[in-house]
Amino acid sequence: MLPLLAFAGGGFAGGSGARAADAGPPGDAAGRGAYLFDAAGCLGCHTNDKEGGEPLAGGRALATPFGTFYTPNITPDPVSGIGRWSDADFIRAFREGVRPDGAALFPAFPYASYTRMTDRDLLDLKAYLFSRPAVAAPNRPHDLTPPFSWRFLVPAWQWLYLTPGPVPDDPARPPAWNRGRYLVDALGHCGECHTPRSLLGGMEAGRYLAGNPDGPDGDKVPGITAAEGKGIGGWSDGDLTLLLETGLTPEGDVVGGAMGEVVRNSTSKLTAEDRTAIAAYLKTVPAKE
Ligand code: HEC
Ligand code: HEC
């Protein structure tokens, strides 16, 4: 009861000192983590549902221009999953893209975005994952073309494209805007698909959310800036929140492919307040060609 009262009394509207990351539904650590898990869209990548794989046991194939990644098992199984990871191991993987054995993680795991999550959110997410059933399912090696298969080159990529750590709230903006930015940039990792990439596969900071001709599965990903005539410039806040809730576009189409999965696993499960916050933030992202 107490956390609920605290939420009603302070939370989203932002009592003094509230941060974007502190918003969202109340609950214990694992309950809060369950919501973050949805907002961050972990399920789809880490579940091989096409071949009847258990949730979070990994093995889903992700085809990229660099080869095929097979996602690892992130259930609490101590041998094939992450059951032996400490809190510090977990934070380091998301913040710095480094495994407990010191090897770098490939950025196909979108930690260039998740690095912005707060420590508290990361630990709540871990509490949720560790409350799920352990599944013994060994990891399948990736099938990548050299030099992209060379893990020892990944730190160079990180040096170029990874800015570790949360971004402080902008005090000049309303709490909903800051919450929206956190949902878009940290949790929803929208830029991982909607921002074009350089030849080395880094998000081009100067063309943030401007659209990506080579998205996942070879799909063209539209821009979602406020560019007039393209992007979402002509969309109302209601158009945006409806799409995030149901997948329906203002033209009456339903988004498919990768975005269909984002809506199904992630944005449809958010609170209405959080969808409104995403719309409030996106409407302020400047247009890019
Ligand atoms: C776009 C697909 C994608 C999404 C979304 C994603 N992951 Fe991953 N994740 C991967 C891939 C691919 C790897 C393997 C990277 C490597 O081998 O270096 C990975 C690696 C990991 C690892 C390291 C496991 C190990 O044994 O080394 C953890 C932990 C993890 N992900 C947890 C999560 C959680 C929790 C979420 C949601 C917040 C998430 N991932 C979202 C693709 C994804
Ligand atoms: C895994 C890749 C991926 C991620 C992550 C992703 N999107 Fe998308 N998004 C797409 C694709 C692909 C389309 C085009 C879908 C179609 O036309 O059927 C799309 C379409 C859209 C559209 C409709 C644009 C239009 O002009 O029709 C909006 C709005 C949108 N995404 C917002 C978001 C937001 C907000 C997030 C983060 C919460 C996000 N997307 C995360 C791939 C992604």
Side-chain angles (χ1 to χ4, degrees), residues 33 36-47 56 58 60-62 64 68-75 77 80-85 89-94 97-101 103-111 113-114 117 121-122 125-126 128-129 132 139-142 144 149 151 154 180 183-195 209 211-212 215-225 227 230-235 239-244 247-251 253-263 265-267 270 274-275 278-279 281-282 285:
L36 296 162
F37 174 85
D38 288 341
C42 315
L43 182 70
C45 277
H46 283 281
T47 305
L56 300 181
R60 174 165 176 183
L62 302 175
T64 74
T68 302
F69 290 90
Y70 295 96
T71 52
N73 180 338
I74 58 165
T75 73
D77 186 73
S80 49
I82 59 168
R84 293 210 183 96
W85 288 35
D89 289 340
F90 194 81
I91 290 177
R92 188 157 78 130
F94 282 78
V98 176
R99 286 196 316 214
D101 68 2
L105 284 155
F106 288 112
F109 169 34
Y111 58 80
S113 299
Y114 295 150
M117 290 175 68
D121 277 1
L122 287 170
L125 179 62
K126 176 170 181 273
Y128 172 70
L129 291 178
R132 303 285 84 206
N139 290 336
R140 179 169 172 184
H142 304 313
L144 305 171
S149 53
R151 252 183 219 281
V154 174
L183 286 159
V184 166
D185 288 351
L187 298 173
H189 61 280
C190 316
E192 300 274 350
C193 293
H194 284 277
T195 299
L209 300 183
N212 178 1
D217 313 319
D219 282 349
K220 195 172 170 319
V221 186
I224 50 171
T225 70
K230 43 181 166 169
I232 51 161
W235 294 34
D239 290 339
L240 265 170
T241 53
L242 186 72
L243 180 133
L244 297 172
L248 272 171
T249 69
E251 294 85 45
D253 294 333
V254 181
V255 287
M259 191 64 199
E261 197 173 312
V262 169
V263 172
N265 286 339
S266 188
T267 56
L270 297 176
D274 273 351
R275 280 191 293 268
I278 292 177
Y281 170 70
L282 283 182
V285 175

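Every heavy atom of this structure was used, including side-chain atoms; hydrogens, water molecules and symmetry mates were not. Positions are given from 1 along the sequence. Atoms within each ligand, like the ligands themselves, are counted from 1 in listed order.
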Can you list the atoms of ligand 2 that are under 4.0 Å from a heavy atom of [X]?
| X | value |
| --- | --- |
| Val255 | 18 (O) |
| Ala258 | 1 (C), 2 (C) |
| Leu240 | 29 (C) |
| Val221 | 10 (C), 11 (C), 12 (C), 42 (C) |

Any heavy atom of [X] sitting closer than 4.0 Å to ligand 2?
| X | answer |
| --- | --- |
| Gly215 | no |
| Gly257 | no |
| Leu183 | no |

How close does the nearest protein non-hydrogen atom get to [atom], and which residue and atom is it?
| atom | value |
| --- | --- |
| atom 2 (C) of ligand 2 | Cys193 SG, 1.9 Å |
| atom 34 (C) of ligand 2 | Cys190 SG, 3.5 Å |
| atom 13 (C) of ligand 1 | Pro72 CD, 3.4 Å |
| atom 11 (C) of ligand 1 | Phe109 CB, 3.8 Å |
| atom 36 (C) of ligand 1 | Cys42 SG, 2.9 Å |
| atom 27 (O) of ligand 2 | Trp235 CZ2, 3.8 Å |
| atom 14 (C) of ligand 2 | Pro222 CD, 3.4 Å |
| atom 28 (C) of ligand 2 | Ile224 CG2, 3.6 Å |
| atom 18 (O) of ligand 2 | Gly256 N, 2.9 Å |
| atom 10 (C) of ligand 2 | Met259 CB, 3.4 Å |
| atom 9 (N) of ligand 2 | His194 NE2, 2.9 Å |

Heavy-atom contacts under 4.0 Å between [X] and ligand 1: side chain, backbone, both, or neither?
| X | value |
| --- | --- |
| His142 | side chain |
| Leu36 | neither |
| Asn73 | neither |
| Tyr114 | side chain |

(message) What I want to know is whether Val254 and ligand 2 share at least one N or O pair that is separated by under 3.5 angstrom.
(response) no
(request) Give a yes or no on whether Cys45 keeps an N, O or S atom under 2.8 Å from atom 8 (Fe) of ligand 1. (result)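 No, since none of the N, O or S atoms of Cys45 sits under 2.8 Å from atom 8 (Fe) of ligand 1.
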Can any side-chain N or O of [X] pair as donor or acceptor with the backbone N or O of [Y] at less than 3.5 Å?
| X | Y | result |
| --- | --- | --- |
| His194 | Asn212 | no |
| Tyr114 | Ala40 | yes |
| Ser113 | Ala186 | no |
| His142 | Tyr70 | yes |
| Tyr111 | Leu105 | yes |
| Arg60 | His46 | no |
| Thr68 | Leu62 | no |

(message) When you compare the side chain of Met259 with that of Leu243, does any pair of heavy atoms fall below 4.5 Å?
(response) yes
(request) Please examine the side chains of Tyr281 and Asp185, heavy atoms only from C-beta on, and report whether any two atoms are closer than 4.5 Å. (result) yes
Show me which atoms of ligand 1 lie under 4.0 Å from any heavy atom of [X].
| X | result |
| --- | --- |
| Pro110 | 3 (C), 4 (C), 5 (C), 6 (C), 7 (N), 43 (C) |
| Leu129 | 35 (C) |
| Gly41 | 5 (C) |
| Leu105 | 15 (C), 16 (C), 18 (O), 23 (C), 27 (O) |
| Ala108 | 1 (C), 2 (C), 12 (C), 42 (C) |
| Ala40 | 38 (C) |
| Ile74 | 28 (C), 29 (C), 30 (C), 32 (C), 33 (C) |
| Leu125 | 35 (C), 38 (C) |

(request) Would you tell me whether Thr75 and Asn73 have side-chain atoms, one donor and one acceptor, within less than 3.5 Å of each other? (result) yes
(message) If I compare all heavy atoms of Cys45 with all of Thr71, which pair ends up nearest, and what's the gap?
(response)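 That would be O-OG1, 2.7 Å.
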(message) So which atom in Ala39 and which in Leu183 form the shortest heavy-atom distance, rounded to 0.1 Å?
(response)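 Looking at all heavy atoms of both residues, the shortest contact is CB-CD2, 4.4 Å.
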Would [X] count as a contact residue for ligand 1, given that I'm defining contact as a non-hydrogen atom of the residue lying under 4.0 Å from a ligand atom?
| X | answer |
| --- | --- |
| Trp85 | yes |
| Arg151 | yes |
| Phe94 | yes |

(message) If we set the cut-off at 4.0 Å for heavy atoms, which region of Leu282 has an atom near ligand 2: side chain, backbone, both, or neither?
(response) side chain
(request) Give the contacting part of Ser266 toward ligand 2: side chain, backbone, both or neither, where contact means a heavy-atom distance below 4.0 Å. (result)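 The answer is neither; Ser266 stays 4.0 Å or more away.
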(message) Does Asp38 form a side-chain contact (heavy atoms from CB on, under 4.5 Å) with Leu270? I'd like the steps, not just the answer.
(response) CA-CA 8 Å; Asp38 288 341; Leu270 297 176; 5.7 Å; no
(request) Could you tell me whether Phe106 and ligand 1 have an N or O pair separated by under 3.5 Å? (result) yes
(request) Return yes or no for this condition: an N or O of Arg99 is under 3.5 Å from an N or O of ligand 1. (result)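 No, no N or O pair falls under 3.5 Å.
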(message) So, of the N/O/S atoms that His46 has, which is the nearest one to atom 8 (Fe) of ligand 1?
(response)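 Result for His46 and atom 8 (Fe) of ligand 1: NE2.
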(request) Mind telling me whether Phe90 and Phe94 have parallel, tilted or perpendicular rings, with 30° and 60° as the class edges? (result)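 Ring orientation, 0 to 90° scale: tilted.
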